[in-house]
Amino acid sequence: LDCDHRTCYARVEAVLATIPHVSVYAKNKDMIAFYYIDPNTTPVGVFFTEVDPSHTRVEISSESSGTKEFIAKKVFAE
């Protein structure tokens, strides 16, 4: 994404806060892990890697390709 690490992290946190059925269970500087519960509980990880001071790589991981795609569309909608 075209933003620094801190801004990208805050954007993703804000997006996750708008999605029903999201329960964050772990966070650190480079990762947010949460459960998406609809109808099954699916773990999802969002990983942040600074590319340079104004760009951050954001990767989404989940065992469920449908959940991964759904979350990715929300995160990368801007």
Side-chain angles (χ1 to χ4, degrees):
L1 294 175
D2 293 333
C3 52
D4 64 88
H5 186 283
R6 180 180 291 179
T7 302
C8 285
Y9 193 97
R11 283 185 188 176
V12 171
E13 280 188 309
V15 168
L16 294 178
T18 68
I19 302 172
H21 314 293
V22 166
S23 177
V24 174
Y25 67 89
K27 295 193 303 187
N28 68 33
K29 177 182 169 284
D30 297 319
M31 180 270 304
I32 301 172
F34 61 94
Y35 292 113
Y36 180 66
I37 308 163
D38 187 20
N40 299 315
T41 302
T42 306
V44 182
V46 182
F47 301 90
F48 303 85
T49 306
E50 185 176 289
V51 176
D52 61 45
S54 61
H55 295 88
T56 303
R57 177 178 298 115
V58 178
E59 298 174 87
I60 299 170
S61 178
S62 177
E63 293 177 353
S64 165
S65 58
T67 298
K68 179 180 174 179
E69 184 177 328
F70 172 76
I71 298 298
K73 284 181 181 179
K74 297 285 189 181
V75 168
F76 300 120
E78 292 184 12

Exercise for review: Rounded to the nearest 0.5 Å, what's the gap from CD1 on Ile32 to CD1 on Ile60? Could you check?
Suggested key: 10.0 Å
Exercise for review: Evaluate the side-chain proximity of Lys68 to Thr42: yes if any heavy-atom separation is below 4.5 Å, no if none is.
Suggested key: no
Practice item. Please check if Phe47 and Val51 belong to a single hydrophobic cluster, counting links between Ile, Leu, Val, Met, Phe, Trp and Tyr side chain heavy atoms closer than 4.5 Å. Key: no
Check your understanding: Quick one: do Val75 and Val24 end up in the same hydrophobic cluster if we chain Ile, Leu, Val, Met, Phe, Trp and Tyr together by side-chain heavy atoms under 4.5 Å apart?
Key -> yes
Review point. Is the closest side-chain heavy-atom distance between Val46 and Tyr9 below 4.5 Å?
Key: no
Exercise for review: Enter the distance from Ile19:CD1 to Phe34:CZ here, rounded to the nearest 0.5 Å.
Suggested key: 6.5 Å
Study note, to complete from the structure: When rounded to the nearest 0.5 Å, the distance separating CD of Glu59 from CE of Met31 is 13.5 Å
Study note, to complete from the structure: In terms of heavy-atom contacts, Val12 and Val58 come closest through CG2-CG1, 4.5 Å
Practice item. Assign the ring pair Tyr36 / His21 to parallel, tilted or perpendicular, where the plane angle (0 to 90°) is split at 30° and 60°. Key: perpendicular
Revision key, fill the gap. Interatomic distance, CG@Asp30 vs NE2@His5, rounded to 0.5 Å, equals 4.0 Å
**Study point:** Pairwise distance SG(Cys8) to CD(Glu50) - rounded to 0.5 angstrom
**Key:** 10.0 Å
Check your understanding: Hey, quick one: are Ile37 and Ile71 part of the same hydrophobic cluster, counting side-chain heavy atoms closer than 4.5 Å, chains of contacts allowed?
Key -> no
Study note, to complete from the structure: d(Arg57 CZ, Asp52 CG) to nearest 0.5 Å is 10.5 Å
Practice item. For Ser62 and Pro43, work out which heavy atoms get closest and say how close. Key: OG-O, 3.2 Å
Exercise for review: List for me each residue that meets ring pair (Phe, Tyr, Trp, His ring centres under 6.0 Å) alongside Tyr35, sequence neighbours excluded, and say none if there are none.
Suggested key: Tyr25
